[in-house]
**Student:** 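This is the structure, below, for whatever I ask next.
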2 protein chains.
Amino acid sequence: MEAMQISSRFTIAIHMLTCMEAFKDERKVTSEFLAASINVNPVVIRRILSQLKEAGLIEVKRGTGGAAPAKPLEEITFLDVYRAVECIGDNTLFHFHENPNPDCPVGRNIHKILDGRLLKVQQAMERELQGMTMADVMADLKKNI
Amino acid sequence: MEAMQISSRFTIAIHMLTCMEAFKDERKVTSEFLAASINVNPVVIRRILSQLKEAGLIEVKRGTGGAAPAKPLEEITFLDVYRAVECIGDNTLFHFHENPNPDCPVGRNIHKILDGRLLKVQQAMERELQGMTMADVMADLKKNI
DNA sequence: GATACCTGTAATCATTGACATTACATCAAA
DNA sequence: TTTGATGTAATGTCAATGATTACAGGTATC
């Protein structure tokens, strides 16, 4: 039984940004090229390119092609990437059961008792994501090459 | 576009434990009763009952029926509940794209660069979950009634 | 020991998200 | 105008969630 993970769009997006920076002086970074490095379909890449662009993290050239970070890598946090691609409807990490029984004292109160705590958990995770940037990734990459 | 949340089994399980404690002196807490308070099918409840039991968090009486916490509520953390019901295959919160291209310097290194960071994020979340217990929930419930 | 009430669990089914893939409209530079 | 690229709609497959029916297996009580 597998399950319930944050989608691979997130790690793919980080991979994409890393490639954009790593190859920026060497070649035009197209969706085809990214797809080859990541090993997924180019259309998947293009959809994520759109999301990253919409979030203001990258610039994509139409016609001529090619994508690149839109700001200094120190200013692109994992949280920025996470929010750009992980389209969580109401922005809550936890899915709450929808219709607890209002005639039961527990059912009537469970939501307000849990909401604050669930938010704290989510914020702990987001705080951690916010402390990591694409610059850190590039630094590690240079060490590994 | 909805998406990618931790399943409602978690909040349902917390709700179940809360009911077990809240009604323990008043009535037998059966899967039917829990299903009515939570407003889901009794079979869903029974499956989660099994998971909580397997994790050693509750005791369930066969035949006669009824479920109750197996240990003091201070010792049942949100993390215990999370791990009991959220059956994540390899225990990683993030889903990594599987086959980065080993012939690309980025594809070859991305996994080792990200793994540690993703683990840190997961641990931040789990640390927060570990700091919350069912006793806290009961305290809040009493305040709300 | 028959009955009545529960739990445990298998088997379906509908719905939804992820991801792959094909197809094509659109764009911009050479 | 030709040539790459991007943008995106449309499908298809697969897996997980959650609802539901059905029934086998316990256990207390009459």
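Below, read A as the first sequence line, B as the second, and so on, with proteins coming before strands; counting in each chain starts at 1.
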**Student:** Taking the side chain from Asp136(B) and the backbone from Thr133(B), do they hold a donor-acceptor pair closer than 3.5 Å?
**Tutor:** yes
**Student:** Using modelled atom types and a 3.5 Å cut-off, is there a donor and acceptor pairing between side-chain atoms of Asn144(B) and backbone atoms of Asp140(B)?
**Tutor:** yes
**Student:** Under 4.0 Å, heavy atom to any atom of DNA chain C: which of residues 97-108 of chain A qualify?
**Tutor:** none
**Student:** Is there side-chain contact between Met125(B) and Ile6(B), with heavy atoms separated by less than 4.5 Å?
**Tutor:** yes
**Student:** Among Met16(A), Glu86(A), Arg47(A), which residue satisfies the side chain to side chain contact (heavy atoms under 4.5 Å, CB included) criterion with Arg9(A)?
**Tutor:** Glu86(A)
**Student:** In this structure, how many angstroms lie between the P atom of dC6(C) and the CD1 atom of Ile45(B), rounded?
**Tutor:** 15 Å
**Student:** Any sub-3.5 Å donor-acceptor pair from Ser50(B)'s side-chain atoms to Arg46(B)'s backbone N or O?
**Tutor:** yes
**Student:** So, Gln5(A) side chain and Thr92(B) main chain: donor-acceptor pair closer than 3.5 Å or not?
**Tutor:** yes
**Student:** Can you see if the side chain of Ser7(B) gets near the phosphate of dG18(D) - specifically, an N or O under 4.0 Å from OP1 or OP2?
**Tutor:** yes
**Student:** For Met16(A) and dC19(C), what is the distance between atoms CE and P respectively, to the nearest whole Å?
**Tutor:** 13 Å
**Student:** Nearest whole Å is fine: how far is dG18(D) C1' from Phe96(A) CZ?
**Tutor:** 17 Å
**Student:** Between P on dA18(C) and CZ on Phe10(A), what's the gap in Å once rounded to a whole number?
**Tutor:** 15 Å
**Student:** In this structure, how many angstroms lie between the C1' atom of dT17(D) and the CD1 atom of Ile12(B), rounded?
**Tutor:** 10 Å
**Student:** Test of understanding: with side chain to side chain donor-acceptor pair (under 3.5 Å), list the residues that count as partners of Asp115(A), not counting sequence neighbours.
**Tutor:** His111(A)
**Student:** Give each protein N/O atom lying under 3.5 Å from an N/O atom of nucleotides 24-30 of chain C, with the pair distance.
**Tutor:**
| from | atom 1 | to | atom 2 | distance (Å) |
| --- | --- | --- | --- | --- |
| dT26(C) | O2 | Arg62(A) | NH2 | 2.8 |

**Student:** Spell out, as yes or no, whether a donor-acceptor pair under 3.5 Å connects the side chain of Arg27(B) to the backbone of Phe23(B).
**Tutor:** no
**Student:** Tell me: CD1 of Ile6(B) to P of dT17(D), nearest whole Å?
**Tutor:** 12 Å
**Student:** Both His95(B) and Ala67(B) contact DNA chain C. Which one's nearest nucleotide lies toward the 5' end?
**Tutor:** Ala67(B)
**Student:** Can you check whether Met132(B) reaches Leu114(A) side chain to side chain, under 4.5 Å on heavy atoms?
**Tutor:** no
**Student:** Would you classify Val43(B) as touching base, sugar-phosphate or nothing, given that sugar-phosphate means primed atoms plus P, OP1 and OP2, and contacts are heavy atoms under 4.0 Å?
**Tutor:** base
**Student:** Expressed in angstrom and rounded to an integer, what is the separation of Ile58(B) atom CD1 from dG8(C) atom C1'?
**Tutor:** 13 Å
**Student:** I'd like a table of donor-acceptor pairs (distance under 3.5 Å, sequence neighbours excluded) in which one partner is a side-chain atom from residues 54-70 of chain A, with atom names and distances.
**Tutor:**
none

**Student:** Does Lys53(A) put a side-chain nitrogen or oxygen below 4.0 Å from OP1 or OP2 of dT6(D)?
**Tutor:** no
**Student:** Counting only side-chain heavy atoms from C-beta out, which of dG8(C), dT20(D), dC19(C) sits nearest to Arg47(B)?
**Tutor:** dT20(D)
**Student:** Heavy atoms, side chains only, cut-off 4.5 Å: are Tyr82(B) and Val121(A) in contact?
**Tutor:** no
**Student:** Which whole-number value in Å describes the distance from Leu49(B) CG to dC6(C) P?
**Tutor:** 14 Å
**Student:** Taking distance alone, no hydrogens or angles, what donor-acceptor pairs closer than 3.5 Å link side-chain atoms of residues 93-109 of chain A to residues at least two apart or in another chain?
**Tutor:**
| from | atom 1 | to | atom 2 | distance (Å) |
| --- | --- | --- | --- | --- |
| His97(A) | ND1 | Thr11(B) | OG1 | 2.9 |
| His97(A) | NE2 | His15(B) | ND1 | 2.9 |
| Asn101(A) | OD1 | Asp103(A) | N | 2.7 |
| Asn101(A) | ND2 | Ala36(B) | O | 3.2 |
| Arg108(A) | NH1 | Pro102(A) | O | 2.9 |
| Asn109(A) | OD1 | Lys112(A) | NZ | 3.1 |
| Asn109(A) | ND2 | Pro105(A) | O | 2.7 |

**Student:** I need the residues from residues 27-41 of chain B with at least one non-hydrogen atom less than 4.0 Å from DNA chain D; give them sorted by number, or say none.
**Tutor:** Val40(B), Asn41(B)
